[in-house]
Enquirer: 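Pasting a structure below so you can have a look.
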Amino acid sequence: MSFVDAIKSLGTKKNTAEGRKRTKLRRVGNSLDVSLILMTCLLLVFGLLMIYSASSYEANLDWGDSAYYFKKQAFAVILGLFAMVGIGLFMPSRLPERVLLPIMFVAFGLVMLLPVIGHASHGATRWIRLGPLSIQPAEIVKVAIIIFEATFLTKYMHTLHTWKGFLYSLIVPIVGLLFVRVFSNNLSSGLIIFLIGLGMVFIASYDYKKYALGVLGILIVAVIIYFALSKVEYSGDKKVDFRGERLIAWVNPEAQSDDLGYQTMQSLYAIGSGGLTGKGLGQSVQKMNFIPEAQNDMIFSIICEELGLVGAIIVFLMYIGLIGRMYLIARSTRDLYKSLLVVGVMMQITIQVLLNVAVVTNTIPNTGVSLPFISYGGSSVTILLAEIGLVLAVQRENAYEEDIRMRKRMEAEEAEEA
């Protein structure tokens, strides 16, 4: 072999080694979806900013530190970002399917343990403390339902056109609803769990008649309840459970503005006083103990008060961008299981955004639903970011598989030309 041939051979080996290295990097995670990460981080930064603004007054009174809630949320966000990047870079998206039973066992087991080892707060036992961390098992059940439905629908999607197959697909979400309702007295999270499952089944179906009938039935029942309650004159001496009180406050919050409808009316005052451009960041009046724990489920009303309609539209645009990007990832995924996994995460975020805004504007009865990535809540934001990591893992594998297909196509074309 001549010197020139040796140099060419060395160059070929070097290029092959570099090609293998690049392929390995793509497989491991050199192609994370930048736009999805950017939109998630925008929501996180905005959420931290609004949590500090909404909670600083109360935090200073209660804890002597205006940044108390901000610091706790920032810690949870950092944990969640590590989880998101780690899952997005290194975890195979098929791994949750292979460990589905342990995930289901842990999720439902933690819910069942709430009455025994749960931590009570504001009259509800919904958290389990692990040292400085608090875990809300209902959030883990949401992830378990997404993985279960993705696995189940991949195998049995062809049966959804039958009532039997449709009902079988909803058994586990219904069980999740009942477990969370019974063991933690948390109906709102239970309903979200059921709606996530129902939403995934809806997306996987091609027969929409039963859904149209269901929606029509729900609307008719809601109208009947609304008009029935509007004729009820409530007085404090009547014995009604707290859910009944919420229904009464929903129908006529003005009449109960000093009691049952207080939080709802204060939220509406905040939204109305914000106008088009708001009072300015940090200038909310309603956060000064008028809206209890304004950094939690009612934070959207503080956003409207401080940033106005413009701020509310910006929030919606950020969510639309995030959900739209996940929709494109789901559509471009050739593997049905992976696509449904992305759809599940997309459904959870969409449902929680719609329900939270509906509650804050009194469109539906008051119930505890957090605004994803923005409301205060450590376990919620950490687990949501881990779910975004799953979406990133799917997109990473999509990019790798597309790269393989492109290279095979190019090799085939080169072979034909030769």
Side-chain angles (χ1 to χ4, degrees), residues 21-44 76-104 106-107 139-155 196-197 199-200 203-204 319 321-350 372-373 379-407:
K21 184 178 180 182
R22 283 196 299 271
T23 301
K24 185 178 179 182
L25 281 171
R26 289 191 190 99
R27 175 189 269 160
V28 171
N30 198 30
S31 56
L32 290 184
D33 193 286
V34 176
S35 57
L36 183 63
I37 294 173
L38 178 62
M39 284 180 281
T40 303
C41 288
L42 280 173
L43 278 166
L44 290 172
V77 165
I78 291 169
L79 282 181
L81 287 172
F82 273 110
M84 181 185 79
V85 173
I87 293 170
L89 283 174
F90 304 112
M91 196 186 85
S93 62
R94 282 276 178 183
L95 179 61
E97 181 187 25
R98 294 196 288 268
V99 294
L100 174 60
L101 286 178
I103 290 173
M104 298 289 288
V106 169
E139 298 297 327
I140 302 175
V141 175
K142 292 175 187 177
V143 181
I145 293 299
I146 290 171
I147 299 167
F148 170 82
E149 287 295 339
T151 305
F152 180 89
L153 294 173
T154 301
K155 295 178 181 178
I196 290 170
M200 293 179 70
I203 295 294
Y319 281 121
L322 180 71
I323 293 165
R325 183 59 197 146
M326 285 193 285
Y327 171 76
L328 293 176
I329 292 172
R331 282 203 63 177
S332 65
T333 304
R334 299 192 178 195
D335 186 302
L336 180 59
Y337 164 78
K338 295 178 184 179
S339 181
L340 287 169
L341 207 61
V342 178
V343 166
V345 179
M346 184 177 71
M347 289 303 303
Q348 179 183 343
I349 294 171
T350 304
F373 304 108
S379 60
S380 174
V381 73
T382 302
I383 292 173
L384 269 173
L385 286 171
E387 292 178 39
I388 295 294
L390 277 176
V391 179
L392 289 171
V394 170
Q395 175 58 20
R396 180 199 74 216
E397 292 171 357
N398 286 350
Y400 173 71
E401 290 163 7
E402 183 61 28
D403 183 63
I404 294 295
R405 284 192 291 271
M406 287 283 291
R407 286 199 291 134

Enquirer: Residues two or more places apart in sequence or in another chain: which of them pass salt bridge (Lys or Arg N to Asp or Glu O under 4.0 Å) with Lys338?
Expert: Glu397, Glu401
Enquirer: Looking only at side chains, do Ser35 and Asp33 share a donor and an acceptor under 3.5 Å apart?
Expert: yes
Enquirer: Any idea which heavy atoms bring Pro92 and Pro96 closest together, and the distance?
Expert: O-CD, 3.8 Å
Enquirer: Test Glu97 against Thr154 for side-chain contact (heavy atoms from CB on, under 4.5 Å), laying out the working first.
Expert: CA-CA 11 Å; Glu97 181 187 25; Thr154 301; 5.6 Å; no
Enquirer: Looking at every heavy atom in both Ala144 and Leu100, which two are closest together, and how far apart are they?
Expert: O-CD1, 4.3 Å
Enquirer: Applying side-chain contact (heavy atoms from CB on, under 4.5 Å), can you list everything that pairs with Ala150, at least two apart in sequence or on another chain?
Expert: Met200, Tyr337, Leu340, Leu341
Enquirer: So, taking the atom named OG1 in Thr151 and the one named CG in Leu336, what distance separates them when rounded to the nearest 0.5 Å?
Expert: 10.5 Å
Enquirer: Looking at residues at least two apart in the chain, or sitting in another chain, which of them share a salt bridge (Lys or Arg N to Asp or Glu O under 4.0 Å) with Glu149?
Expert: none
Enquirer: Enter the distance from Ile323:CD1 to Met347:CE here, rounded to the nearest 0.5 Å.
Expert: 9.5 Å
Enquirer: Distance from Leu390 atom CG to Ile147 atom CD1, nearest 0.5 Å?
Expert: 6.5 Å
Enquirer: Any side-chain heavy atom of Gln395 sitting closer than 4.5 Å to one from Asn398?
Expert: yes
Enquirer: Quick one: CE on Met84 to CG on Leu36, what's the gap to the nearest 0.5 Å?
Expert: 7.5 Å
Enquirer: Is there a side-chain contact between Thr382 and Glu139, using heavy atoms and a 4.5 Å cut-off?
Expert: no
Enquirer: Locate the shortest heavy-atom distance separating Val343 from Ala330; write the atom from each residue and the value.
Expert: CG2-CB, 4.0 Å
Enquirer: Might you work through the side-chain contact (heavy atoms from CB on, under 4.5 Å) test for Leu392 and Ile87, ending with a clear yes or no?
Expert: CA-CA 8 Å; Leu392 289 171; Ile87 293 170; over 6 Å; no
Enquirer: Let's go through Ile203 and Leu153 carefully: what are the C-alpha distance in whole Å and the side-chain angles of both, what is the deciding distance for side-chain contact (heavy atoms from CB on, under 4.5 Å) to 0.1 Å, and is it a yes or a no?
Expert: CA-CA 10 Å; Ile203 295 294; Leu153 294 173; over 6 Å; no
Enquirer: Looking at side-chain heavy atoms only, is the closest gap between Ile103 and Val143 below 4.5 Å?
Expert: no
Enquirer: Any side-chain heavy-atom pair from Leu44 and Leu81 closer than 4.5 angstrom?
Expert: yes
Enquirer: Would you confirm whether Arg325, through its side chain, and Ile37, through its main-chain N or O, come within 3.5 Å as a donor-acceptor pair?
Expert: no
Enquirer: Determine whether a donor-acceptor pair (N or O, by modelled atom type, separation under 3.5 Å) exists between the side chain of Ser93 and the backbone of Ala393.
Expert: no
Enquirer: List the atom of Ala107, the atom of Val141, and the distance in Å for their closest heavy-atom pair.
Expert: O-CG2, 3.8 Å
Enquirer: Can you find a pair of side-chain heavy atoms, one from Phe373 and one from Leu385, that are under 4.5 Å apart?
Expert: yes
Enquirer: In Å and rounded to the nearest 0.5 Å, what is the OG to CZ distance from Ser339 to Arg331?
Expert: 10.0 Å
Enquirer: My understanding is that only one of Val391, Leu38, Ile349, Thr350 makes a side chain to side chain contact (heavy atoms under 4.5 Å, CB included) with Leu322; could you say which?
Expert: Ile349
Enquirer: With a 4.5 Å limit on heavy-atom distance, are the side chains of Ile388 and Met326 in contact?
Expert: yes
